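Just so it is clear: chains get the letters A, B, ... in the order the sequence lines come, proteins before strands, and each one is counted from 1. Remember, it's a predicted structure, so these values are computed and weren't measured experimentally. Because only heavy atoms are used, hydrogens play no part in the values below, and waters and symmetry mates are left out as well, while side chains stay in.
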There are 2 protein chains.
Amino acid sequence: MIKDKIVPVCEVEIVDEKKVKAAKGKIENLNAILDMADIFKLLGEPTRLKIVLALMNSELCVCDLAAAIESNVSTVSHQLRLLRNARLVKYRKDGKMVFYSTDDEHINVAIEKIREHSEE
Amino acid sequence: MIKDKIVPVCEVEIVDEKKVKAAKGKIENLNAILDMADIFKLLGEPTRLKIVLALMNSELCVCDLAAAIESNVSTVSHQLRLLRNARLVKYRKDGKMVFYSTDDEHINVAIEKIREHSEE
DNA sequence: AGTACATTTGAACAAATATGCAAATGTTAT
DNA sequence: ATAACATTTGCATATTTGTTCAAATGTACT
């Protein structure tokens, strides 16, 4: 996931050294940025975003979830695994059924803010 | 006697019809979902997320921005175009320089919420 | 034991895309 | 007009990744 690629620094001269240093300060915690990017990326895919939206205030088994977003069980299960790993969905087992749901208020707010941005 | 039960079950049969319909209601506006996914996806790439973070409360030319995130001008310019199209950054021209910045409070809040999620 | 069903998982393919080089564009000077 | 510089853009490529099929796993029931 993390690339150890050597990135050639811009050969061009820096125009405003002070501003560059200030900007660098905002992105000094690389791991935090990579973690955030992972979450954004997960929500940046229609299938997964549909899953998260469909599970808001609901609790659905994989089969019904697949029906709701008009996809198939295998695809949904694959994506659920990614969402689970990032704690974007939680699940509850009951016999051979598995019920998924969401309950992260941070994510709900983030989605709402992105919705507001893209609506205006 | 041939049984006609070979159809993949989960795509046809639904366990809880009521819940499925409720879930479908949450994802009925497909275009809105696709628009949101586009924004999330843009923020879901480390290079672009770094750009957005670096430009918070700053205003940097492309060259300094590239230096700040330790990338090169071409890559940054490519990504800036995508961010511009989605109105995630704005820009101001001054002679041959182009200064980029961000000022969308929705995006700032969304980033903060995602940060909180991935920190806990 | 066996069957039926819900879910997960592995593998393979196809599509999307981030990046870097080189060339082009635009701007300000001399 | 020519040079120098900042930015953009076109192209090529290497990597990532979403989807599907098939097989495996897990569970309940007879």
Side-chain angles (χ1 to χ4, degrees), chain A residues 1-16 20 34 37-38 40-51 59-86 89 91-100, chain B residues 3 5-16 20 34 37-38 40-52 59-86 89 91-100:
Chain A
M1 184 80 56
I2 300 175
K3 295 178 186 172
D4 280 317
K5 215 175 194 175
I6 298 174
V7 182
V9 179
C10 180
E11 306 167 16
V12 191
E13 0 156 354
I14 291 172
V15 176
D16 191 329
V20 171
L34 296 179
D38 283 340
F40 276 119
K41 182 177 291 185
L42 285 169
L43 297 172
E45 222 282 321
T47 299
R48 287 191 296 258
L49 185 54
K50 283 184 206 167
I51 290 175
E59 191 192 50
L60 294 172
C61 65
V62 179
C63 178
D64 282 357
L65 182 53
I69 72 169
E70 291 175 357
S71 180
N72 66 71
V73 173
S74 177
T75 296
V76 169
S77 185
H78 275 296
Q79 304 301 353
L80 279 172
R81 185 162 68 90
L82 301 177
L83 295 171
R84 244 190 289 135
N85 292 344
V89 302
Y91 66 99
R92 171 179 72 85
K93 289 185 180 176
D94 183 9
K96 60 184 172 185
M97 314 279 284
V98 181
F99 292 94
Y100 283 87
Chain B
K3 298 178 183 176
K5 210 177 180 182
I6 311 174
V7 188
V9 180
C10 278
E11 292 191 18
V12 181
E13 285 191 10
I14 289 171
V15 177
D16 192 328
V20 171
L34 296 179
D38 284 340
F40 276 119
K41 182 178 291 184
L42 285 170
L43 297 172
E45 214 64 29
T47 299
R48 287 191 295 259
L49 185 55
K50 282 184 207 166
I51 289 175
V52 172
E59 191 192 50
L60 295 172
C61 65
V62 179
C63 178
D64 282 357
L65 182 53
I69 72 169
E70 290 176 358
S71 181
N72 66 69
V73 173
S74 175
T75 296
V76 169
S77 184
H78 275 297
Q79 304 301 352
L80 279 172
R81 184 161 69 88
L82 301 177
L83 295 171
R84 244 191 289 134
N85 292 343
V89 302
Y91 65 100
R92 171 178 71 85
K93 289 186 180 176
D94 183 9
K96 60 185 172 185
M97 314 280 284
V98 181
F99 292 94
Y100 283 86

Exercise. Rounded to the nearest angstrom, tell me the gap between atom OH in Tyr91(B) and atom P in dA6(D).
Key: 19 Å
Exercise. Could you tell me which non-hydrogen atom of Pro46(A) sits nearest to which non-hydrogen atom of Leu34(B), and how far apart they are?
Key: CG-CD2, 3.6 Å
Exercise. Round to a whole Å and report the spacing from CG of Leu42(A) to P of dT17(D).
Key: 10 Å
Quiz item: Picking from dT17(D), dT20(D), dT7(D), which would you name as closest to the side chain of Thr75(A)?
Solution: dT20(D)
Exercise. Starting at atom CG of Asp38(B), determine the distance to atom P of dT17(C), rounded to an integer number of angstrom.
Key: 9 Å
Exercise. Provide, to the nearest angstrom, the distance between the CE atom belonging to Met97(A) and the P atom belonging to dT27(D).
Key: 14 Å
Quiz item: Roughly, in whole Å, what's the span from CD in Gln79(B) to C1' in dT8(D)?
Solution: 13 Å
Exercise. For Leu80(B) and Leu65(B), run side chain to side chain contact (heavy atoms under 4.5 Å, CB included): C-alpha distance rounded to whole Å, both residues' side-chain angles, the deciding distance at 0.1 Å, then the answer.
Key: CA-CA 10 Å; Leu80(B) 279 172; Leu65(B) 182 53; 4.0 Å; yes
Could you go over nucleotides 10-13 of chain D and give all protein N or O partners under 3.5 Å, atom names and distances?
{"unit_1": "dG10(D)", "atom_1": "O6", "unit_2": "His78(B)", "atom_2": "NE2", "d": "2.8"}

Exercise. Considering only NZ, NE, NH1 and NH2 on the basic side and carboxylate oxygens on the acidic side, decide whether Glu45(A) and Lys41(B) come within less than 4.0 Å.
Key: no
Quiz item: In whole angstroms, how far is the P atom of dA18(C) from the CZ atom of Phe40(A)?
Solution: 15 Å
Self-check item: Closest-nucleotide ordering on DNA chain D, the 5'-leading residue of Thr47(A) and Phe99(B)
Solution: Phe99(B)
Self-check item: Contact under 4.0 Å: Asn72(A) side-chain N or O vs dT20(D) OP1/OP2
Solution: yes
For nucleotides 24-30 of chain C, print each protein N/O atom paired with a nucleotide N/O atom at under 3.5 Å, atom names and distance only.
none

Quiz item: Which of these, Leu60(B), Val62(B), Val76(B), sits in a side-chain contact (heavy atoms from CB on, under 4.5 Å) with Tyr100(B)?
Solution: Val62(B)
Exercise. Return the nearest nucleotide to the side chain of Arg84(A); candidates are dT8(C), dT7(D), dT17(C).
Key: dT8(C)
Practice problem: Starting at CG of Leu49(B), measure out to CD of Gln79(B) and round the result to the nearest 0.5 Å. | Solution: 12.0 Å
Practice problem: Please test Ser77(A) against Arg81(A) for side chain to side chain contact (heavy atoms under 4.5 Å, CB included), starting from the C-alpha separation and ending with a verdict. | Solution: CA-CA 6 Å; Ser77(A) 185; Arg81(A) 185 162 68 90; over 6 Å; no
Quiz item: Can you name the nearest heavy-atom pair linking Asp64(A) to Asp16(B), along with the distance?
Solution: OD2-N, 2.8 Å
Quiz item: Counting only heavy atoms not in Phe99(A), do more than 12 fall under 6.0 Å of its CZ?
Solution: yes
Quiz prompt | Of the listed nucleotides dG18(D), dA18(C), dT8(D), the one nearest the side chain of Leu82(A) | solution = dG18(D)
Quiz item: Tell me: CZ of Arg48(B) to P of dT16(D), nearest whole Å?
Solution: 15 Å
Exercise. Could you state the atom-to-atom distance from OH of Tyr100(B) to P of dA6(D) in whole Å?
Key: 15 Å
Quiz item: Distance-only, no hydrogens or angles: does the Asp94(B) side chain make a donor-acceptor pair with backbone N or O of Met97(B) under 3.5 Å?
Solution: no
Quiz item: Once you build an axis from the first five pairs and another from the last five of the helix from dA1(C)-dT30(D) to dT30(C)-dA1(D), how far apart in angle are they, to 10 degrees?
Solution: 20°
